[in-house]
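Everything on this sheet refers to the single structure shown next.
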Protein chains: 2
Amino acid sequence: MTTQARGLHTRVLEALGLAITAGEYPPGSVLRTDDLAQRFEVSRTVVREVVRVLESMHLVASRRRVGVTVRPTEQWNVYDPQVIRWRLAGADRPRQLRSLTVLRSAVEPVAAGLAALNATPEQCRALTEEALGMVATSRGRRLEAYLVHDIAFHRIVLDASGNEMFARLGDVVAEVLTGRTHHHVMFDDPDPAAVTLHVQVAEAVRGRDAVRAEELTRQIALGALRELDVLAPRAEPAPGPGPSRAVPMPHTGP
Amino acid sequence: MTTQARGLHTRVLEALGLAITAGEYPPGSVLRTDDLAQRFEVSRTVVREVVRVLESMHLVASRRRVGVTVRPTEQWNVYDPQVIRWRLAGADRPRQLRSLTVLRSAVEPVAAGLAALNATPEQCRALTEEALGMVATSRGRRLEAYLVHDIAFHRIVLDASGNEMFARLGDVVAEVLTGRTHHHVMFDDPDPAAVTLHVQVAEAVRGRDAVRAEELTRQIALGALRELDVLAPRAEPAPGPGPSRAVPMPHTGP
DNA sequence: CTGTGATGTAAAAGTCATACTTTTTGTTCG
DNA sequence: CGAACAAAAAGTATGACTTTTACATCACAG
């Protein structure tokens, strides 16, 4: 799907990144560049470049006399959109979707509040347009068309916040929305309440009502989280060490 | 300081990454691998690996027959800790500190709320310990010692939230706190109110009071933002296109 | 006999130089 | 104005060499 044949480097990187994030080589595994070169039928040059990139993502560490070792999950650069894509394509998609949705529930409300203060008229217009687009496509199994508007909407909010770190989460949100649509972690038609909320956020932003924009967006995020709980019930406690811990939703307000 | 001589690759990567993020090669600039190899007195192999890494950070794009072009700032992977470090070391540290602090103000309160629900007894203990450490070092120009406790405190909160995305922001927060201390974007002694708030957060987490932990942490974050406003006054409107936009603080609550 | 420390060796990554391929841009010529 | 062509730069492959370092071996002291 996203796998173009843009070069050997890309092909190998994709394959290796996917394999590692999928847990095919568990943390601690050791790879050797010569082996990889043979396995993928490319030169060591290519493998070395790939390894360097994976290293910069903290997926692996390369040490002399020992090889390329897969790092423990906690050290991965999980904000790298590439890593996110790989993990969403893999086995722990549910867990990943939940983490990311919780992140959204923290960031997007604040971003929306800032957007209400900072959005340009053009952004207000675009926001309303996308909200209306969502309304228009919210019925009749038109999930793909709906998704496009949904992504655009959230991207505009994050952009309009005027904060660069928020803006860069646009890709992440896009991956989340795409992931939950394409993997059916979603109802057949979008939740009508959510659609309404989006329209209201657009109104609040246009009306410079930061508090309202923030609160409405919080409702959207919490709704998404609830939906996730229904459609992808929380997995059993992680098999790691330490006492089992609940992973509840963020606050629902006083 | 952090520049070890771990190899040619690291040296060149550091130099180039720093130069690019510092705007020494403005977006659109074209570099050629052969030139770089000459300039840094290393082989093309090394340069290519470095370029590949910079490419994975979306700092540059490499195209045949054209060269390695620096990408526009908006496309950089600003969540990559490496990129953050480079930018904090460069000219737009103030802007960077502000963006990151706003991000903190969104994320940390929610993380603290979750931590109150999820923290292990051991984490509660450690949290209290660090808070007390902050108290102990909060007077007498002991900023370095204070910093250590401050970083540890926030790391524990983010970890204890049980959310992997939050946990990974520990490095970012550490960079922010370190940056503002080392570059004197901070008072001579820590704000006593902030110190007290940290102690109270530790209490709230131990007492499983999520709402209180969240609200107190929000106060900490907003305090940091205010301090930034006092000590590093907002720069003039960015020279980019579009109407000038204010960048106010996130909501201060109803 | 056992634990400890120096020494040596080989395995793997790191580096370099070179030759060759492929893509792409810009120019020239019909 | 379009098509063929030439050159530029990245992409790929290969082989030789260097550097680091884990591990084994061996000597010696307790």
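Treat the numbers as computed from the prediction; the structure is a model and nothing was measured. Letters A, B, ... mirror the listed sequences (proteins, then strands); counts begin at 1. Atom set for the values below is all heavy atoms of this structure, side chains included, hydrogens, waters and symmetry mates excluded.
Nearest to the side chain of A:Ser43, among D:dT14, C:dC16, C:dA13, sits D:dT14. Taking the side chain of B:Thr33 as heavy atoms from C-beta on, and the options D:dT14, C:dA17, D:dA10, the nearest nucleotide is D:dA10. Residue A:Thr45 places its side chain closer to D:dT14 than to any other of D:dT14, C:dT23, C:dG14. With D:dT20, C:dG14, C:dT23 as the candidates, the nucleotide lying closest to the side chain of A:Arg52 is C:dG14. For A:Arg48, the listed nucleotide lying nearest its side chain is C:dG14; candidates were C:dA13, C:dA17, C:dG14.
Counting to the nearest Å, the C1' atom of D:dC23 and the CZ atom of A:Arg64 are 18 Å from each other. For A:Arg32 and C:dA10, the CZ to P distance is 18 Å, given to the nearest whole Å. Rounded to an integer number of Å, the gap from NE2 of B:His9 to C1' of D:dT18 is 18 Å. Taking atom CZ of residue B:Phe40 and atom P of nucleotide C:dC16, one finds them 13 Å apart after rounding to whole Å. Atoms CZ (A:Arg63) and P (C:dA13) sit 12 Å apart, rounded to a whole Å. Between A:Glu49 atom CD and C:dG14 atom P the separation is 13 Å, expressed in whole Å. One can place CG of B:Asp34 at 12 Å from P of C:dA17, the figure rounded to the nearest angstrom. When the C1' atom of D:dA10 is taken as reference, atom CG of B:Leu54 falls 16 Å away, rounded to whole Å.
The base of C:dT25 is paired with the side chain of B:Arg65 by a donor and an acceptor separated by under 3.5 Å.
Residue-level contact check: A:Val51 touches neither bases nor backbone, having no heavy atom under 4.0 Å from any strand. B:Arg44 comes within contact range of at least one nucleobase, with a heavy-atom separation under 4.0 Å. At a threshold of 4.0 angstrom between heavy atoms, the contacts of A:Ser62 are confined to the sugar-phosphate backbone, with no base atom among them.
Ion pair B:Glu122/B:Arg125 flagged as a salt bridge, since at least one NZ, NE, NH1 or NH2 atom sits closer than 4.0 Å to an Asp/Glu carboxylate oxygen. Salt bridge absent: B:Asp159 and B:Arg168 never bring a charged side-chain N and a carboxylate O closer than 4.0 Å. A salt bridge links A:Arg52 and A:Glu55; the closest N-O separation between the charged side-chain nitrogens and carboxylate oxygens is under 4.0 Å.
Checking B:Glu14 against B:His9 by side-chain atom types alone, no donor-acceptor pair falls below 3.5 Å.
Two residues, A:Gly67 and B:Val66, neighbour DNA chain C, and the one matched to the more 5' nucleotide by heavy-atom proximity is A:Gly67.
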(request) For ring pair (Phe, Tyr, Trp, His ring centres under 6.0 Å), just list the numbers for B:His149 and B:His154, CA-CA rounded to whole Å, side-chain angles, deciding distance to a tenth of an Å, and then say yes or no. (result) CA-CA 9 Å; B:His149 292 296; B:His154 289 276; over 10 Å; no
